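Here, residue 1 is the first one in the sequence, and each next residue gets the next number. Note that these values count all heavy atoms, side chains included, but never hydrogens, waters or copies made by symmetry. Since the structure is predicted, the reported quantities are computational estimates derived from the model, not experimental observations.
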Amino acid sequence: MDKHLETRIIHSHFDQERHYGSLTQPLYQTSTFVFGNAEEGERRFAGEEEGYMYTRLGNPTVAELEHKMADLEATESAVAFASGMGAVSAVLMHLLNSGDHVIVTRGVYGCTYGFLELFRDKYGLTYDLIHMDDESSLEQVLVPETKVIYVETPINPTMKVVDLEMVTAFAKKHGLKVVVDNTFSSPYLQQPSLSGADFILHSATKYISGHGDVIAGIVCGPKEDMDIIRMSTLKDIGAVLGPFDAWLLLRGIKTLGVRMDRHCENAAFLFDKLKQADGVTSIIYPGDSSFPDHKITQKQMRKPGGMISFEIDGGKKAAQSFLNHLKLCKRAVSLGDAETLIQHPASMTHAVVPEEERLKMGINDSLIRISAGLEHKEDIWADIRQSLLAATTQEG
Ligand code: 3LM
């Protein structure tokens with residue numbers, strides 16, 4: 001924790017001398033580990049001796065990633081998963097029992113919503129989706145069974161920003177745990193643990209990887225909880241990250257800082273252009289000084305991020321036509337990659353959310369989400385501009 005984040009992103013803590021001076025972390029592409037003798041195996045399984053046993057229970061390359069992420073999120077420990085949803089489900093299963101209640105930001109990622117629905121139907125979990133504008137919004141849904149506040153900020157895809165200090169102060173007062181999905185920001189833009197959050201998770205598929213070639217998740221938090229998660233929801237449910245994917249993430253993380261700066265710069269540029277464009281009825285971007293959560297964004301984020309959403313004139317037909325006319329930007333879900341990715345939340349990332357709830361989340365058929373890539377900003381804009389023109393004129 002002594003060096004700047006930009007430096008810690010790059011440098012590793014692993015002992016290079018023990019690995020022939022290798023600059024990068026070795027890839028331990030193995031499923032199992034050989035014991036020196038039977039007693040050593042017994043001691044390791046009994047937890048009396050440090051050491052690896054089987055990659056589902058731990059692997060040195062995966063452990064490097066976990067150390068790195070715990071350091072960047074300023075938490076004691078971290079556990080990696082095979083997907084962001086592996087991380088979301090593991091932390092919620094760890095913290096909640098059947099009958100418990102969780103308060104959730106309205107507009108969470110579609111599959112997080114799907115998980116809440118599944119666990120409500122099967123295990124009696126209850127939840128409230130709310131706009132966490134202030135303490136009173138939380139107070140209104142607080143019940144004796146409430147155990148957790150689950151926050152996505154900025155929220156996917158409506159970019160609403162939640163005041164983390166406000167939420168954690170409320171949680172402390174009522175003995176609740178706060179989980180923050182930090183996927184949209186990455187630790188480079190925002191470190192929720194510094195605002196008092198207990199658990200921070202990522203779909204590491206996104207900015208942490210940065211290259212669109214890995215599906216992964218990570219939960220960062222107190223060592224005591226992470227140890228339990230590793231030996232319960234990870235070990236016994238089994239959403240384990242493979243060593244090669246962990247190695248790719250370690251490779252990707254090294255450029256997190258420079259990538260994030262460029263993503264942010266390109267999103268800001270697109271915002272300026274979209275503001276003046278015909279056929280755009282509204283833009284949602286935390287860097288907009290008239291955005292309702294702009295002040296909170298300035299307070300808790302280093303920069304407003306690389307994501308921007310807008311509404312197109314003409315509803316679903318125009319939105320789909322816009323996507324179909326793209327030539328450079330990719331029609332794809334996911335985010336945080338080098339390529340600019342553009343998707344239609346109502347029919348893609350949030351298609352599982354019933355229309356009524358989707359509209360309350362602010363996701364209508366005209367909404368389009370852009371993950372600004374790393375290309376030259378003028379080229380991204382030229383493509384978006386021609387597509388907008390085509391979709392919102394007769395031709396569309
Ligand atoms: C997407 N999101 O395009 P994985 N938390 C957040 C996320 O955005 C996501 C997850 C968790 C998208 C994926 S939609 C089919 C594609 C804020 C994923 C889950 O399990 O790694 O996909 O992460 O918005």
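- Going from atom CG of D293 over to atom CD1 of I296 covers 4.5 Å, rounded to the nearest 0.5 Å.
- By the criterion of side-chain heavy atoms lying less than 4.5 angstrom apart, applied directly or through intervening Ile, Leu, Val, Met, Phe, Trp or Tyr residues, M93 is grouped together with L234 in one hydrophobic cluster.
- Judged by distance alone, the side chain of T281 and the main-chain N or O of E311 form a donor-acceptor pair under 3.5 Å.
- Note on L92 and I218: same hydrophobic cluster, where clusters join Ile, Leu, Val, Met, Phe, Trp and Tyr whose side-chain heavy atoms are under 4.5 Å apart, directly or indirectly.
- For residues 245-257, the side-chain hydrogen bond (donor to acceptor under 3.5 Å, both in side chains) pairs, not counting sequence neighbours, are T255-R259.
- When the salt bridge (charged side-chain N to carboxylate O under 4.0 Å, His left out) test is applied to D272, the partners found at least two apart in sequence or on another chain are K275.
- Evaluation of the ring-ring contact (aromatic ring centres under 6.0 Å, His included) test over residues 334-354, restricted to residues two or more places apart or in two chains, returns none.
- Panel note: side chain E152, backbone N182; no donor-acceptor pair is recorded below 3.5 Å.
- Atom CZ of R302 sits in a crowded spot, with more than 12 heavy atoms from other residues, nucleotides or ligands closer than 6.0 Å.
- The main-chain N or O of V108 is never found under 3.5 Å from a side-chain atom of T105 such that the two would form a donor-acceptor pair.
- Considering all non-hydrogen atoms of both residues, A332 and Q343 come closest at O-CB, 3.5 Å.
- Residue-environment remark: CD (Q276) exceeds the threshold of 12 foreign heavy atoms within 6.0 Å.
- The residues D71 and R8 are annotated as salt-bridged, a charged nitrogen and a carboxylate oxygen being separated by less than 4.0 angstrom.
- The shortest heavy-atom contact between I253 and K68 is CD1-CG, 4.0 Å.
- For residues 369-382, the pairs satisfying salt bridge (charged side-chain N to carboxylate O under 4.0 Å, His left out) are E265-K377, with sequence neighbours left out.
- Using a distance-only test at 3.5 Å, with no hydrogens or angles considered, a donor-acceptor pair links the side chain of T393 to the main chain of L389.
- Under the ring-ring contact (aromatic ring centres under 6.0 Å, His included) criterion, the residue pairs touching residues 55-113 are H13-H67, with sequence neighbours excluded.
- With values rounded to the nearest 0.5 angstrom, M361 atom CE is found 9.0 Å from H131 atom NE2.
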Taking it one step at a time, do Q16 and S22 satisfy side chain to side chain contact (heavy atoms under 4.5 Å, CB included)? CA-CA 6 Å; Q16 288 164 332; S22 172; 6.0 Å; no

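- The environment of NZ in K173 is crowded: more than 12 heavy-atom neighbours from other residues, nucleotides or ligands sit within 6.0 Å.
- Side-chain heavy atoms closer than 4.5 Å link hydrophobic residues (I, L, V, M, F, W, Y) into clusters, and following such links, possibly through other members, connects M69 to I9.
- By the neighbour-count criterion of 12 heavy atoms within 6.0 Å, atom CG of D278 is sparsely surrounded, having that number or fewer from other residues, nucleotides or ligands.
- For E66 and R230, the salt-bridge test passes: some basic side-chain N is under 4.0 Å from an acidic carboxylate O.
- S371 places a side-chain N or O within 3.5 Å of a backbone atom of G336 that can act as its donor or acceptor partner.
- Residues satisfying the ring-ring contact (aromatic ring centres under 6.0 Å, His included) criterion with F119, sequence neighbours excluded, are F115, Y123.
- In this structure, the side chain of D100 engages the main chain of N97 through a donor-acceptor pair within 3.5 Å.
- Summarising the geometry of A391 relative to A318, their closest heavy-atom pair is CB-O, 3.6 Å, with the distance given to 0.1 Å.
- Between the CD1 atom in I215 and the OG atom in S83 there is a gap of 7.5 Å [rounded to 0.5 Å].
- For residues 171-222, the pairs satisfying ring-ring contact (aromatic ring centres under 6.0 Å, His included) are F170-H174, Y207-H263, with sequence neighbours left out.
- Side-chain atoms of S193 and E73 include no donor-acceptor pair closer than 3.5 Å.
- Pairs of residues two or more places apart, or lying in two chains, that qualify as ring-ring contact (aromatic ring centres under 6.0 Å, His included) and include a residue from residues 39-66 are F33-Y52.
- Considering only heavy atoms from C-beta on, T340 stays 4.5 Å or farther from K330 through its side chain.
- With sequence neighbours excluded, the residues that form a salt bridge (charged side-chain N to carboxylate O under 4.0 Å, His left out) with D163 are K299.
- Residue-environment remark: CD (E48) exceeds the threshold of 12 foreign heavy atoms within 6.0 Å.
- Residues S137 and I130 approach most closely at O-CD1, 3.3 Å, considering heavy atoms.
- Although no hydrogens or angles enter the test, the distance criterion places a donor-acceptor pair under 3.5 Å between the side chain of T205 and the main chain of A216.
- Residues meeting the salt bridge (charged side-chain N to carboxylate O under 4.0 Å, His left out) test with K273, sequence neighbours left out: none.
- A single hydrophobic cluster is seen to contain both L335 and M159, as judged by linkage of ILVMFWY side chains at heavy-atom distances under 4.5 Å, directly or through other members.
- Considering every non-hydrogen atom in both P243 and T61, the closest pair reads O-CG2, 3.7 Å.
- Linking ILVMFWY side-chain heavy atoms closer than 4.5 Å, directly or via other members, places V219 and L95 in a single hydrophobic cluster.
- Using a distance-only test at 3.5 Å, with no hydrogens or angles considered, no donor-acceptor pair links the side chain of T32 to the main chain of T55.
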Start with the C-alpha distance between S12 and Q25, add both sets of side-chain angles, then the distance that settles side chain to side chain donor-acceptor pair (under 3.5 Å), and finish with yes or no. CA-CA 8 Å; S12 287; Q25 295 90 341; 2.5 Å; yes

Mind running side chain to side chain contact (heavy atoms under 4.5 Å, CB included) on E42 and F35 for me, showing each step along the way? CA-CA 9 Å; E42 183 180 20; F35 305 123; over 6 Å; no

List the steps and the verdict of side chain to side chain contact (heavy atoms under 4.5 Å, CB included) for E40 and N37. CA-CA 5 Å; E40 184 181 79; N37 52 47; 3.4 Å; yes

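- By the 6.0 Å contact criterion, NZ on K303 is enclosed, its count of non-hydrogen atoms from other residues, nucleotides or ligands being greater than 12.
- With salt bridges taken as basic N to acidic carboxylate O contacts below 4.0 Å, one links K160 and D133.
- Partners of D227 according to the salt bridge (charged side-chain N to carboxylate O under 4.0 Å, His left out) rule, which considers only residues two or more places apart in sequence or in another chain, are K223.
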Between V240 and N59, is a side chain to side chain contact (heavy atoms under 4.5 Å, CB included) present by the stated rule, with each step listed? CA-CA 10 Å; V240 176; N59 172 287; over 6 Å; no

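- At least one donor-acceptor pair under 3.5 Å links the side chain of D337 to the backbone N or O of G212.
- E50 has no carboxylate O lying under 4.0 Å from a charged side-chain N of R44, or vice versa, which leaves the two without a salt bridge.
- A pairwise comparison of heavy atoms in G362 and T158 identifies O-CG2, 3.8 Å as the closest pair.
- Without hydrogens or angle criteria, S89 side chain to M85 main chain gives a donor-acceptor distance under 3.5 Å.
- Within 6.0 Å of atom NZ in K147, more than 12 heavy atoms from other residues, nucleotides or ligands are found, so the atom counts as buried in its surroundings.
- Membership of the apolar cluster around L323 extends to F269, L270, F271, L274, V280, I283, Y285, I308, F310, I312, F322, L326, V333, I342, M348, I368, I370, I380, W381, I384, L388, as traced through chained side-chain contacts below 4.5 Å between ILVMFWY residues.
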